[in-house]
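As C-alpha cells, the structure follows; a few thoughts come after it.
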Amino acid sequence: LMHTWKTTTVQGTLNLRDVRRLPILLPPERQRDAITALITALDNKIETNEQIAVKAVALASMVFSSAVEQGAIHSYLDEIAKFHNKNRVPLSSRQRAEFQGPYPYYGATGVIDCVGGYRFDGNYLLVGEDGTVVRDDGSPVLQYVRGRFWVSNHAHVLTGLGVSNEVLMFALRNVDILPYVTGAVQPKLSMENLRKVPITLPTRQNSTLNETLSCLCDQAAQKEAENTQLARFRDALLPRI
C-alpha cells in the first residue's frame with residue numbers, strides 16, 4: 001500500500017500531507033481500550049518492580065556503608081574474588097536467533113537476549129568488561145545475577161572468595177574504577193587490571209550483615225528477573241493483538 005503514496009520515481013519520498021491521508025486499520029473501540037489497559041498494566045508493573053529493586057539496592061548499600069564506618073580493612077580484588085571467565089561462551093546475534101529459549105543471555109550492562117541453554121547456575125556477580133564499564137559516579141557496572149544463565153565475553157563473572165557475593169558487590173560499588181579502564185574509543189576493564197583494584201571491607205562480617213545484604217539483593221534480583229519476563233511477554237503480545 002505504501003508505494004502508491006510515493007511522489008517521485010528516482011528517490012521515493014513521503015511528505016507530511018500524504019502521511020496524514022494514509023488509511024489505517026484499527027480494531028473496534030472496545031478492543032482498543034482493552035489492549036491499552038493490558039499494555040498499561042504491564043508497563044506499570046515493570047515500573048513498580050524497577051522502583052522496588054532500586055530501593056532495595058540503595059538500602060543494602062546503606063547497610064554496607066554503616067558496617068564499614070564501624071571498622072574497615074583494605075585488600076585487593078584478587079584476594080577476595082574468584083573469576084569464572086573461562087566458562088563464558090559468546091554467541092553472535094545469528095547464533096542466538098537460532099538458539100532461542102528461556103535462559104537470559106547477559107552482556108556488559110544487562111540481559112540482551114534469551115537462549116536455549118545455560119553456562120552458569122547459581123549466584124554470581126557480573127562486572128562490565130567492554131563498552132559500558134563505568135557508571136556516572138565512576139564505579140564499575142555491576143550485575144547481581146542468580147539462577148541459570150549465559151554470559152557473553154563482555155562481562156567478567158565473579159564470586160566471593162572468603163566473603164559473600166553481596167559483600168563483594170557493595171565493596172566494588174564504592175571503587176573509583178576509572179584509573180583501571182583502558183581504551184579511548186572502546187572502554188575496556190581487563191581482568192588483569194580488575195584484579196589490582198583496591199577494596200575496602202567491613203572488619204566485622206557477621207551472619208546478620210550477610211543475611212541482610214543477601215535478602216535485599218535477592219529482592220532486587222527477583223524484580224529484575226520478573227521484569228525481563230514481563231517485557232518479553234509484552235513485546236511478544238503486541239504484534240498479535
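This one's a predicted model, so the numbers in the text were calculated from it and none came from an experiment.
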_Quick check: is Leu158 connected to Val57 through a chain of hydrophobic side chains (ILVMFWY, heavy atoms under 4.5 Å apart)?_
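They do share one cluster, since a chain of ILVMFWY contacts under 4.5 Å joins Val57 to Leu158.
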_ILVMFWY network linking Val141 to Met169, side-chain heavy atoms under 4.5 angstrom_ =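 No, Val141 and Met169 fall in different hydrophobic clusters.
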Less than 4.5 Å apart, any side-chain heavy atom of [X] and any of [Y]?
| X | Y | result |
| --- | --- | --- |
| Asp43 | Arg234 | yes |
| Phe99 | Tyr105 | no |
| Leu142 | Leu125 | yes |
| Cys217 | Phe170 | yes |
| Leu161 | Leu168 | no |
| Glu129 | Leu194 | no |
| Val133 | Lys188 | no |

Evaluate whether atom [atom1] of [X] has more than 12 neighbouring non-hydrogen atoms of other residues, nucleotides or ligands under 6.0 angstrom away.
| X | atom1 | answer |
| --- | --- | --- |
| Arg204 | CZ | no |
| Glu98 | CD | yes |
| Glu29 | CD | no |
| Met191 | CE | yes |

Can a donor-acceptor pair be found, under 3.5 Å and without considering hydrogens, that links the side chain of [X] to the backbone of [Y]?
| X | Y | result |
| --- | --- | --- |
| Asn123 | Asn165 | no |
| Gln205 | Pro202 | yes |
| Arg88 | Ala155 | yes |
| Gln143 | Gly107 | yes |
| Thr40 | Thr36 | yes |
| Trp150 | Gly117 | no |
| Thr203 | Ala72 | yes |

*Do you know which of Asp113, Val115, Asn153 makes side chain to side chain contact (heavy atoms under 4.5 Å, CB included) with Leu91?*
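Single side chain to side chain contact (heavy atoms under 4.5 Å, CB included) partner of Leu91 among Asp113, Val115, Asn153: Val115.
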*asked:* For the residue pair Asn49 / Gln222, report whether a side-chain donor-acceptor contact shorter than 3.5 Å exists.
replied: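 Gln222 vs Asn49: no donor-acceptor pair found between side chains.
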*Hey, are Asp33 and Arg30 close enough for a salt bridge, meaning a charged N less than 4.0 Å from a carboxylate O?*
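Salt bridge flag = no for Arg30 with Asp33.
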*Check whether the ring centres of His84 and Phe120 lie less than 6.0 Å apart, and answer yes or no.*
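When the ring centroids of His84 and Phe120 are compared, they turn out to be at least 6.0 Å apart.
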